[in-house]
Amino acid sequence: MSQREDLFELVKRLQLEAEQHFFNLFLEARRGLGAGRWCPPADIFETEKAFVIRLEVPGTPLEDIKITLSGDRLTVSGIKRDEYQGGQRRFYQAEIVFSEFERTFSLPWSVKEEEVRAVYKDGILTIILHKPEPKKVKVDVQRE
């Protein structure tokens, strides 16, 4: 190998090491080591009869999910754990986030506990908040 090829290999190896160090720092931040909690993505929509919140929480066991309701605020919290049991490892790519999470949603009306239904299927938590029945109010109209 020539001196030029040796230099090229050295620069290439240093670049790979620098990328690995940067990646390890990025991984720690994404895993919640000082970067706060994970925030699962959510869809919120309204149908004719309900207000629906869907959260994407794949890999989170149902027993690790908690839903609390307080007036017009609904909070979903839990933890997505890394359950790998194989000992020490060195990552080359890591995009899956394992951390505690919490999302709070302001609801368009106060909801009673019995008006809430939650379903967990295939990593999607769907919370259905039934709309209250419209109040019927009789209004007397006066002639002028």
Side-chain angles (χ1 to χ4, degrees), residues 5-144:
E5 289 171 334
D6 287 342
L7 181 60
F8 178 75
E9 286 300 316
L10 176 64
V11 169
K12 184 177 175 182
R13 185 171 50 89
L14 288 173
Q15 179 184 4
L16 289 172
E17 286 178 14
E19 286 176 1
Q20 186 64 43
H21 288 298
F22 175 77
F23 181 77
N24 287 339
L25 289 172
F26 179 70
L27 174 64
E28 287 181 18
R30 286 204 45 172
R31 297 229 169 182
L33 302 175
R37 294 180 171 175
W38 171 55
C39 187
D43 287 343
I44 303 170
F45 57 91
E46 186 175 352
T47 67
E48 187 178 316
K49 297 186 179 204
F51 189 75
V52 181
I53 300 170
R54 294 188 326 170
L55 282 100
E56 191 176 83
V57 288
T60 306
L62 182 57
E63 57 272 7
D64 287 343
I65 297 173
K66 180 180 176 185
I67 302 170
T68 55
L69 181 65
S70 178
D72 65 348
R73 296 180 65 76
L74 182 120
T75 300
V76 180
S77 59
I79 187 165
K80 183 176 170 184
R81 303 174 197 275
D82 183 357
E83 306 216 359
Y84 177 76
Q85 300 290 324
Q88 191 170 358
R89 55 199 160 159
R90 181 177 177 197
F91 284 93
Y92 293 92
Q93 182 167 335
E95 298 177 0
I96 301 171
V97 178
F98 299 101
S99 174
E100 291 182 13
F101 62 88
E102 181 174 289
R103 295 284 310 257
T104 298
F105 304 94
S106 294
L107 306 175
W109 58 84
S110 291
V111 177
K112 296 178 186 162
E113 186 178 334
E114 60 271 9
E115 296 172 339
V116 180
R117 194 177 110 216
V119 178
Y120 186 56
K121 181 181 178 191
D122 297 332
I124 304 291
L125 176 65
T126 303
I127 303 166
I128 302 162
L129 306 136
H130 296 286
K131 288 182 179 179
E133 290 292 323
K135 293 182 181 180
K136 295 181 181 179
V137 178
K138 184 178 178 185
V139 177
D140 289 328
V141 179
Q142 299 175 359
R143 265 182 221 248
E144 283 193 24

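Side-chain atoms of Thr47 come within 3.5 Å of backbone N or O of Ala50 as a donor-acceptor pair. Proximity of a side-chain donor or acceptor of Lys131 to a complementary backbone N or O of Trp109 within less than 3.5 Å is not detected.
Residues Leu107 and Gly71 share a closest heavy-atom pair of CD1-O, 4.5 Å. The shortest heavy-atom contact between Pro40 and Glu56 is CB-O, 3.3 Å. Between Ile127 and Val116, the shortest heavy-atom distance links the atoms CG2-CG1, 3.9 Å. Shortest non-hydrogen contact noted between Ile79 and Phe101 is N-CE2, 3.5 Å.
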Quiz item: Does the pair Leu69 and Val111 meet the rule for a side chain to side chain contact (heavy atoms under 4.5 Å, CB included), with working shown?
Solution: CA-CA 8 Å; Leu69 181 65; Val111 177; 4.3 Å; yes
Exercise. Starting from the C-alpha separation in whole Å, work towards a yes-or-no answer on side chain to side chain contact (heavy atoms under 4.5 Å, CB included) for Leu125 and Thr60.
Key: CA-CA 10 Å; Leu125 176 65; Thr60 306; over 6 Å; no
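Rounding to the nearest 0.5 Å gives a distance of 12.5 Å between CZ of Arg103 and OG of Ser77. Note: Gln15 CD to Lys12 NZ = 9.0 Å, rounded to the nearest 0.5 Å. The NZ atom of Lys112 lies 13.5 Å from the NE2 atom of His130; values are rounded to the nearest 0.5 Å. We find the CG-CG distance between Asp72 and Leu129 to be 11.5 Å, quoted to the nearest 0.5 Å. Rounding to the nearest 0.5 Å places OH of Tyr120 at 10.5 Å from OG1 of Thr126.
At most 12 heavy atoms of other shown residues, nucleotides or ligands fall within 6.0 angstrom of atom CZ in Arg54.
Residues Glu83 and Phe98 fail the side-chain proximity criterion, which asks for heavy atoms closer than 4.5 Å. Residues Lys80 and Ile96 meet the side-chain proximity criterion, which asks for heavy atoms closer than 4.5 Å. You'll find the side chain of Leu55 reaches within 4.5 Å of the side chain of Phe105, heavy atoms only.
For the side-chain contact (heavy atoms from CB on, under 4.5 Å) with Val76, the lone residue among Thr68, Thr104, Ile53, Ile65 that qualifies is Ile65.
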